[in-house]
Amino acid sequence: MSKIQTLRGMNDIDPQQSREWSYVERVLRTVVESYGYEEIRFPIVEKTDLYIRSNEAADIVTKEMYTFQDKGGESISLRPEGTAGCVRAAIDNDLVRTDKPRLWYSGPMFRYERPQKGRSRQFHQFSAEVFGIDSPEIDAELILISARIWKELGLLENVKLEINNLGDEQTRTSYSEALVKFLKNQKDELDEDTQRKLIENPLRILDSKSKTVQDLLDKAPSIEDFINEDSKKFNMKFLEILETHGIEYEVNPKLVRGLDYYNQTVFEWKTDLLGSQDTILGGGRYDNLVQELGGKSCPAIGFSIGLERLILLLKDRDKINIESNLDIYFICFSQSSAEEAIMYSEKLKNKFPSLRIKTNLGLESASSQFKKADKSGAKIALILGEEELDSKKISFKDLRTKSNQESLTFDELINKLEI
């Protein structure tokens, strides 16, 4: 039978990489929970209508979703992004009506697109979402949270913040009409993808990678000319709060984000160290989405971090601080010493429940086992051979210092570990 490999664009995360991921996820979780955000979990598979209703003309719906019929004939999809599912879960569980929830979640998303560095078909996001607060202060809080994340990860000098104001629904409609009118006069210079977006989703043209299109857009109407006074005041207060806290930013009038539901504030944190996949966090307001998905009118805002890209950036900057997942590595030289090691290991865990102990049961040579003990990252090696079994002692070796090996009774070992 031929070897079965992973599907293209879907990658394993091996134990070493998992330690890197766990470190990053732990930092993210610690920061958002320090601001009072709570975890929510919801399914990876949802009804396809959930994503079509929330992003009808977005590329993830028109080109990239993994969509199937289940055995009951219903159209279902692997989630291509998390916000729509989080909104659905918040409505279903009555969170929006009873509270102004601040939530976080993390997990895999799926999009059928060409795999490249920092972009996979199964990828992972860490997200924060807030419901029911219609004030510039909460917009600023999400920026402050993300800035604190970069600070904790040692990346603040490697990222930059871009912000735009999309205004309200009327702003988007009026500006889209003006943009379409302008670009229709330049239609011969537009590529096929841009002509499609001109019909389906004109605002997505603003972040086109085509130099020809961008040169045309330099002469096009600006969205800033279509934003009403209330929206401008909201945005001005938001930016004032950021400036008060020393957050540097750049206003980018072409920043629209890839999903259809955004309004008012949109933002991205970018880096110039990952090539074309330069956005590591993106988000914004989606004040109409809760109502569009069947809930009562409710303001909302959130952000998502692409974990693959973030980990690539951290590794590029050598910023991943991985601690060993082991405290003790038991080295055994016979079947009887392995059985004794398991007994000692259980006793140690009874005394110190948080101790992480791995017992080598392969019974390889001493040099091989010591190499494995050192590579494991464990702080201590405990050795059981025939000599130790006869003397009813355990040899103790500190793997992180040059101290001499010691021979200890079990009680002496307990005393040493308690220090």
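Throughout, numbering of the chain's residues begins at 1 and tracks the sequence.
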For the [atom1] atom on [X], are there more than 12 heavy atoms of other groups (residues, nucleotides or ligands in this structure) within a distance under 6.0 Å?
X: Lys358; atom1: NZ; value: no
X: Met236; atom1: CE; value: no
X: Phe42; atom1: CZ; value: yes

I need the minimum non-hydrogen distance between [X] and [Y], along with the two atoms involved.
X: Pro253; Y: Ile223; value: O-CG2, 3.9 Å
X: Gln264; Y: Phe234; value: NE2-CD2, 3.4 Å
X: Pro202; Y: Val180; value: CG-CG2, 3.5 Å
X: Ser106; Y: Glu25; value: OG-OE2, 4.4 Å
X: Ser403; Y: Thr401; value: OG-OG1, 2.9 Å

Is the closest basic N to carboxylate O distance between [X] and [Y] below 4.0 Å?
X: Glu406; Y: Lys397; answer: no
X: Arg29; Y: Glu39; answer: no
X: Asp374; Y: Arg400; answer: yes
X: Arg121; Y: Glu113; answer: no
X: Arg102; Y: Glu141; answer: yes
X: Glu162; Y: Lys270; answer: yes
X: Glu46; Y: Arg88; answer: yes

Distance check, rounded to the nearest 0.5 Å: [X] atom [atom1] versus [Y] atom [atom2]?
X: Ser146; Y: Leu28; atom1: OG; atom2: CG; result: 11.0 Å
X: Arg111; Y: Met65; atom1: CZ; atom2: CE; result: 10.5 Å
X: Tyr249; Y: Ile247; atom1: OH; atom2: CD1; result: 11.0 Å
X: Leu355; Y: Ser345; atom1: CG; atom2: OG; result: 8.5 Å
X: Ile280; Y: Ser304; atom1: CD1; atom2: OG; result: 13.0 Å

Polar contact flag, side-chain donor to acceptor under 3.5 angstrom, [X]-[Y]:
X: Ser365; Y: Gln369; result: no
X: Asn263; Y: Asp287; result: yes
X: Thr212; Y: Asp215; result: no
X: Glu129; Y: Thr83; result: yes
X: Trp269; Y: Thr279; result: no
X: Gln122; Y: Ser120; result: no

TODO: With the side chain counted from C-beta on, respond yes when Leu348 and Phe410 share a heavy-atom pair under 4.5 Å apart, and no when they do not.
DONE: yes

Task: 4.5 Å side-chain heavy-atom contact, Leu179 and Leu217 - done: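 The answer is yes; the side chains approach within 4.5 Å.
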
Task: Sidechain-backbone polar pair: Thr271 side chain, Asp278 backbone, donor-acceptor under 3.5 Å - done: no

Open item on the list: I'd like to know if the side chain of Gln291 and the backbone of Asn288 have a donor-acceptor N/O pair within less than 3.5 Å.
Closed with: no

Task: Evaluation steps, side-chain hydrogen bond (donor to acceptor under 3.5 Å, both in side chains), between Arg148 and Tyr35 - done: CA-CA 11 Å; Arg148 189 165 296 279; Tyr35 285 80; 3.0 Å; yes

TODO: Could you walk me through whether Arg285 and Ile138 pass side chain to side chain contact (heavy atoms under 4.5 Å, CB included), step by step?
DONE: CA-CA 10 Å; Arg285 279 203 162 268; Ile138 198 65; 3.3 Å; yes

TODO: List the steps and the verdict of salt bridge (charged side-chain N to carboxylate O under 4.0 Å, His left out) for Arg172 and Asp168.
DONE: CA-CA 7 Å; Arg172 290 174 65 107; Asp168 58 15; over 6 Å; no

Task: Glu169 vs Thr173, side-chain hydrogen bond (donor to acceptor under 3.5 Å, both in side chains): CA-CA, chis, key distance, verdict - done: CA-CA 6 Å; Glu169 191 171 355; Thr173 301; 5.4 Å; no

Task: Candidate list Val256, Ile227, Thr265, Thr171, test side-chain contact (heavy atoms from CB on, under 4.5 Å), partner Leu166, passing option - done: Val256

Open item on the list: Run Glu224 and Ser222 through side-chain hydrogen bond (donor to acceptor under 3.5 Å, both in side chains) and show every step you take.
Closed with: CA-CA 5 Å; Glu224 296 170 297; Ser222 171; 3.2 Å; yes

Open item on the list: Using 30° and 60° as the class boundaries, would you call the ring planes of Phe131 and Tyr286 parallel, tilted or perpendicular?
Closed with: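 Phe131 and Tyr286: perpendicular rings.
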
TODO: Decide yes or no on side-chain hydrogen bond (donor to acceptor under 3.5 Å, both in side chains) for Asn360 and Tyr329, but give the supporting numbers first.
DONE: CA-CA 7 Å; Asn360 185 301; Tyr329 192 100; 2.9 Å; yes

Open item on the list: Using salt bridge (charged side-chain N to carboxylate O under 4.0 Å, His left out), reason through Lys315 and Glu20 one step at a time and then give a plain yes or no.
Closed with: CA-CA 9 Å; Lys315 293 178 81 167; Glu20 299 168 351; 3.3 Å; yes

